[in-house]
Amino acid sequence: MDNPKETESKGLTRREAIKVSGLALGSLAMGSGALTGPDEARADTEQCPNCCPEPTAPCTWYNPDKENYDKVPANYASSQTYSYFQTLDYYYPIAGTSTTIPKLGSDEMRITFMGSMIPPVRRAQQEMSIFVEVGWNDTTNMPMDQFVFDCGSGVCANYGAMNVGYGRMDKIFLAHLHGDHMSDLVHVYCFGPSADRKTPLYVFGPSPSGVKNPLAQPGGGSPMYYDDGTNAFCQNLRAACRWHSESFSFQTTMYPDYPSRSQKQKDWGLPCKPNPVSDDPWGDAYAMVPIQLDWTKYGKKYGDNVAYCNTTTGARVTHFPVIHTRKGSIGYKLEWWPNHLDTGNQDKPHLSMIYTSDTKPEIRSRDQAINGGKGVDVFIHEMIVPPNIWAMKFADPANPTYGPEKPPDSTSDIVQQTTMVQNSSHSPQGGFGYLLSQINPRPRLTVATHFPVADDTVSCALNSVQQHVPVVQGNVVPPQGTSRITWSFDLMVITVSADQIVEQRGYVTDFGFTPNAILPSTKAYPPKYHDTSGAGDPFAQIDLSTAIPACDCSTTPDKCNYRGDGY
Ligand SMILES: [Zn+2]
Ligand SMILES: [Zn+2]
């Protein structure tokens, strides 16, 4: 059915062929028994009244006005700005002094996009990462709890600009192990101990995919199954960072009184005992602790998908499988009960956020968002632009391959490549709209992410979604029968309470330094490389025989190569 020539020869139009192909796939799934149970069956029996709605307005990336096409690429201005974001009020990440975190209400959740982009890199958006804070602790003057979801390249600069230090980035939930979701983990791991993360780094993520290696040979060097899960990932990452961690271990990396492993497992409701992947002492900042999650679980048996459940802070994180590139991708749901005594009780007031990360439209995300008919507050789901927009965007602006007279079609290499990527891994704009139309009650706010935003791409995407479900974008109370949607952008801040959800944009300086480190007041253990007094020894790992020395200008100014005070 995939061969266009074959379908043409049977006298089918392309659209008919797509419909037939969809039917064939549906019946295959039903017949194979691959999908069973009431929720799965629903996906197959649902009738779409208008499966292939035509866009009601052209996407603005395509300028059909030949007269104006001397400006390349078409609609250049609308591809270089995201006007919606500019309309948002500012959020000031530094409250009062350089170390004070902006206060959060005792009943509020704050979601900040530190990265929001799909892998083609751009200056305006770093790769995926979302920081979530819940509630407020008046004793510590900090949020009750906080979480990092994904940690793609470039996001550390945004965390720093938004006044989030490494000490608050100690729980990282990876949705899958693609580079755009984990590559800044190296920076977080390596430099956290030099700043204010003086405790282990916890990395939550999926178990091995279980996908068979097509190159495996009996007795050969290529295994039947790669160990591609989070435990192995952390072991290898920690080993790769050995030179770094040793070199910096003349600095303090550990304090007394860190809870035991059993206590930590209990406090955080972890599904497994926390074990560092290497020989780092328990409690040390260079201890990397994977919490490997069985990616197949989704709560079918109550509690089988809990990654974290903290009855002191009232926060719980659960996970569920999604469909993205290779088995083993997961999405997360964070629920938070302002009254921590209610933790886990769906009938008590709480706030909820879903981050599906990257996925095709699929039923687990849908059902998590329906949430047994209670809905969720914020639903964050990825979206991808259509393949021929990729083709347009990848074209050389000075010498466009495609344009009004030669639009990219399904035969072009790049359209074919991006179609494969889309079909194995991502949610097309219309697919996103359809999925949302199936979620009742609707999320209070839906956020499309992992998406290259600009006026042109967002207006096109909004149009696609509106073909399936009435949505509006903006800090508004949506009209009756309409729900609210937004497209994420770096430094977008979404503050959620029972009464309202407000979008803001972070007001940052491009030239700031990392937030000040707030260290424990207790005395630290001696660093790994220390002198006889227990003080850190910065010379323990270097050979000084060829060094050009500085001097103390106050005592020997006449024998001074250069000042020792840095000036
Ligand atoms: Zn991915
Ligand atoms: Zn991705």
Side-chain angles (χ1 to χ4, degrees), residues 111-132 147-156 158-159 172-188 203-211 226 228-230 232-234 237 292-293 295-296 319-332 354-362 364-365 379-387 389-390 393-394 417-429 431-432 435 447-453 457 461 487-490 492:
I111 301 166
T112 304
F113 283 85
M114 301 296 189
S116 54
M117 182 60 180
I118 190 170
V121 290
R122 53 165 36 175
R123 289 271 295 166
Q125 287 175 277
Q126 304 309 315
E127 305 298 338
M128 276 314 303
S129 189
I130 304 172
F131 186 60
V132 185
F147 308 85
V148 173
F149 291 97
D150 281 336
C151 196
S153 71
V155 303
C156 280
N158 281 341
Y159 275 90
I172 300 192
F173 293 78
L174 300 178
H176 59 283
L177 299 175
H178 270 157
D180 58 315
H181 296 254
M182 56 66 171
S183 54
D184 254 19
L185 202 54
V186 172
H187 203 87
V188 171
V203 180
F204 298 74
S207 52
S209 66
V211 174
Y226 290 113
D228 55 359
T230 302
F233 172 79
C234 286
L237 181 61
Q292 185 166 280
L293 309 169
W295 65 265
T296 64
H319 57 94
F320 53 92
V322 295
I323 304 174
H324 178 64
T325 321
R326 180 175 172 90
K327 288 176 183 173
S329 297
I330 57 177
Y332 290 103
I354 284 177
Y355 170 52
T356 68
S357 189
D358 302 3
T359 177
K360 285 170 72 68
E362 53 76 54
R364 301 284 174 237
S365 302
F379 181 60
I380 304 169
H381 191 288
E382 71 120 8
M383 176 189 284
I384 192 168
V385 298
I389 289 191
W390 279 127
K393 295 288 187 185
F394 278 138
Q417 284 293 324
T418 49
T419 300
M420 283 168 63
V421 170
Q422 170 190 286
N423 291 348
S424 69
S425 311
H426 296 292
S427 292
Q429 296 170 177
F432 185 107
L435 179 74
V447 185
T449 193
H450 202 258
F451 187 87
V453 296
T457 55
W487 273 259
S488 67
F489 193 52
D490 287 17
M492 178 179 271

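Only heavy atoms go into these numbers, but all of them, side chains included; no hydrogens, no water, no symmetry mates. Numbering of ligands and ligand atoms starts at 1, following listing order.
Seen from the Zn ion (ligand 1), atom NE2 of His324 and atom NE2 of His176 lie 100° apart in angle, a value rounded to 10°.
Within Asp180, OD2 is the N, O or S atom that lies nearest to the Zn ion (ligand 2). Nearest N/O/S atom of His178 with respect to the Zn ion (ligand 1) is recorded as ND1. When distances from the Zn ion (ligand 2) to the N, O or S atoms of Asp358 are compared, OD2 comes out shortest.
Within the 3.5 Å criterion, the main-chain N or O of Thr359 finds a donor-acceptor partner in the side chain of Ser427.
Defined by atom type and a distance below 3.5 Å, a donor-acceptor pair is missing between the side-chain atoms of Gln292 and Thr230.
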When you look at Asp228 and Arg326, which way does the side chain to side chain contact (heavy atoms under 4.5 Å, CB included) test go after all the steps? CA-CA 11 Å; Asp228 55 359; Arg326 180 175 172 90; 2.8 Å; yes
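Partner of Phe131 under the ring-ring contact (aromatic ring centres under 6.0 Å, His included) criterion, chosen from Tyr355, Phe113, Tyr159: Tyr159. Partner of His450 under the side-chain hydrogen bond (donor to acceptor under 3.5 Å, both in side chains) criterion, out of Asp150, Thr356, Asp358: Asp358 alone.
Residue His181: no N/O/S atom is found under 2.8 Å from the Zn ion (ligand 1).
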